[in-house]
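Each chain gets a letter, A, B and so on, in the order its sequence line appears, and its residues count up from 1.
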There are 2 protein chains.
Amino acid sequence: MAVRKHSRQRDALLNALADRTDHPSAETLYQELREVEPKISLGTVYRNLALLVENGEILKLTGGDDKSHYDGNIKPHDHFWCRSCGKLTDIFHEDFEMTFKNFNGRIESHQTLYTGICDECIKAE
Amino acid sequence: MAVRKHSRQRDALLNALADRTDHPSAETLYQELREVEPKISLGTVYRNLALLVENGEILKLTGGDDKSHYDGNIKPHDHFWCRSCGKLTDIFHEDFEMTFKNFNGRIESHQTLYTGICDECIKAE
DNA sequence: ACAAGAAACAGTAACGATTCCTATTATTGA
DNA sequence: TCAATAATAGGAATCGTTACTGTTTCTTGT
C-alpha cells in the first residue's frame with residue numbers, strides 16, 4: 001500500500017463521523033452511508049475505519065457492548081457507558097495528572113470507560 | 001434461575017482466576033480448566049464467567065484485542081495493554097481523584113485502558 | 001488527454017468469539 | 001431416597017469482523 005489514494009467513500013465516512021457526539025458502530029455507519037453512497041459495502045466501511053484509526057484521524061472505542069464504536073473527536077477524553085440504555089457519552093476533564101510508580105513502558109494513549117447509570121436512566125428508574 | 005446451585009465447575013473457574021496478574025481469555029481458562037475438570041465445556045466457562053461478573057466476583061476487561069479478558073482482582077485498578085506484544089498488565093494508583101462537571105449520572109465502576117509499548121518491548125526494539 | 005500500474009472497491013465467503021439449544025447430570029431441600 | 005430444577009456437555013447457530021476475488025477508480029508519467 002505504497003501510495004494512499006483518495007477515495008470518495010473514505011471522505012464520506014470521515015464526514016459522517018464529524019460533528020457528532022454519539023459513537024456509532026460500523027454497522028450504523030454503513031446504514032447511514034448507504035444514503036449518500038448507495039453502493040458502499042460493509043467491507044469498505046471496516047477497511048476505511050481501520051485506515052482512519054491507524055492514521056489517528058478517528059478513535060476506536062471498545063467496552064460496554066460487544067462491538068466497536070468510532071469517535072471522530074480525537075481530543076483526549078473519556079467515555080461513560082450506561083449499562084441500562086447502552087448509550088456511550090463523552091466525559092471531558094482538564095488538568096488531569098496521573099503518576100505511575102515503577103512503570104517503565106511508554107504510554108501513547110489511554111482510554112477510560114466508566115460504567116454505571118446515566119442521568120436519563122436514573123430519572124426513568 | 002431462582003435458586004443458585006453450587007457447582008464444581010464454577011468453583012474451579014473462580015479458583016483459576018485467583019492470585020494471578022495476567023488476564024486470561026475465556027478460551028485460555030477453558031484450556032487450563034480441562035486439566036482439573038476434563039469434561040468441562042466452553043459454554044460452561046462462558047456462562048459462569050458471566051455469572052461471576054454479574055455477581056461482582058470478577059471483572060471483564062475489553063479493549064486491546066478482540067476478545068474479552070477476565071480479572072480475579074476486583075480492587076479498582078487500570079490496565080495497560082502493549083500493542084506490540086499484546087500483554088495486559090495492571091496499573092494501580094492511589095489517591096486518585098476525579099472531578100466531573102455537569103455530570104449527573106451514577107458511576108459504578110470505571111476502567112482505564114492505557115495503550116503504548118511495554119517495558120520489555122521497548123528493550124527488545 | 002491517455003494508458004499503465006496499483007489502490008480501493010463491491011460482493012461474498014470465511015472466520016472466530018460468543019451465545020443458544022437440547023438432552024443429560026448434579027445439587028438441593030423435603 | 002426422591003422429586004424438582006439448576007447446571008452441565010456437546011454441538012449448532014449467531015454475529016461482528018476480516019479475507020478473498022474479480023472489477024473499478026485514482027494517480028502519475030507521457
> First locate atom CG of A:Leu52, then atom CD1 of A:Ile58, and finally report the distance between them rounded to the nearest 0.5 Å.
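CD1 of A:Ile58 is found 4.5 Å from CG of A:Leu52.
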
> Rounded to the nearest 0.5 Å, how far does OG1 of B:Thr44 lie from CZ of B:Arg8?
10.5 Å

> Working to the nearest 0.5 Å, report the span between NZ of A:Lys60 and OH of A:Tyr70.
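Rounded to the nearest 0.5 Å, the NZ-OH separation comes to 4.5 Å.
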
> Without decimals, in angstroms, what is the distance between B:Lys39 NZ and D:dA9 C1'?
7 Å

> Using the test side chain to side chain donor-acceptor pair (under 3.5 Å), find all partners of B:Asp19 that sit at least two apart in sequence or belong to another chain.
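With sequence neighbours excluded, B:Asp19 shows a side chain to side chain donor-acceptor pair (under 3.5 Å) to no residue whatsoever.
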
> Could you give the CD-to-P distance, from B:Glu54 to D:dA7, as a whole number of Å?
11 Å

> To the nearest angstrom, how far is B:Ile40 atom CD1 from C:dT25 atom C1'?
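Taking CD1 of B:Ile40 and C1' of C:dT25, I get 14 Å after rounding.
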
> So, using side chain to side chain donor-acceptor pair (under 3.5 Å) as the criterion, who are the partners of A:Arg34 when residues are at least two apart?
A:Tyr30

> Which residue, B:Arg10 or B:Pro38, contacts DNA chain D at a nucleotide closer to its 5' end, judged by nearest heavy atom?
B:Arg10

> Take atom CD of B:Glu37 and atom P of C:dT25, then tell me their distance rounded to the nearest Å.
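Between P of C:dT25 and CD of B:Glu37: 16 Å.
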
> Could you state the atom-to-atom distance from CG of B:Leu49 to P of D:dA7 in whole Å?
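So the two atoms are 15 Å apart, to the nearest Å.
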
> Bend angle of the helix from C:dA1-D:dT30 to C:dA30-D:dT1 from five-pair axes at both ends, rounded to 10°?
50°

> With rounding to the nearest 0.5 Å, note down the distance linking OG1 in A:Thr62 to CH2 in B:Trp81.
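Taking OG1 in A:Thr62 and CH2 in B:Trp81, the distance rounds to 9.5 Å.
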
> Would one find a side-chain N or O of B:Thr44 under 4.0 angstrom from OP1 or OP2 of D:dA9?
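B:Thr44 to D:dA9 OP1/OP2: side-chain N or O found under 4.0 Å.
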
> My understanding is that only residues two or more places apart in sequence, or in another chain, count here; which of them pass side chain to side chain contact (heavy atoms under 4.5 Å, CB included) with B:Asp22?
B:Arg20, B:Pro24

> Within this structure, what is the CZ-to-C1' distance between A:Arg34 and C:dC9, rounded to whole angstrom?
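Rounded to the whole Å, the gap is 15 Å.
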
> With a 3.5 Å cut-off and sequence neighbours excluded, list the donor-acceptor pairs that the side chains of residues 9-16 of chain B form with protein atoms.
{"unit_1": "B:Arg10", "atom_1": "NH1", "unit_2": "B:Asn48", "atom_2": "OD1", "d": "2.8"}
{"unit_1": "B:Arg10", "atom_1": "NH2", "unit_2": "B:Lys5", "atom_2": "O", "d": "2.6"}
{"unit_1": "B:Asp11", "atom_1": "OD1", "unit_2": "B:His6", "atom_2": "NE2", "d": "3.3"}
{"unit_1": "B:Asp11", "atom_1": "OD2", "unit_2": "B:His6", "atom_2": "NE2", "d": "2.7"}

> Nearest whole Å is fine: how far is C:dT18 P from B:Tyr30 OH?
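These atoms are roughly 14 Å apart.
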
> Counting primed atoms plus P, OP1 and OP2 as sugar-phosphate and everything else as base, spell out the protein contacts along nucleotides 15-30 of chain D at 4.0 Å heavy-atom distance: B, S or - for each nucleotide, 5' to 3'.
-SBB-------BS---

> Does any N or O in the side chain of B:His23 come within less than 3.5 Å of the main-chain N or O of B:His69, such that one atom is a donor and the other an acceptor?
no

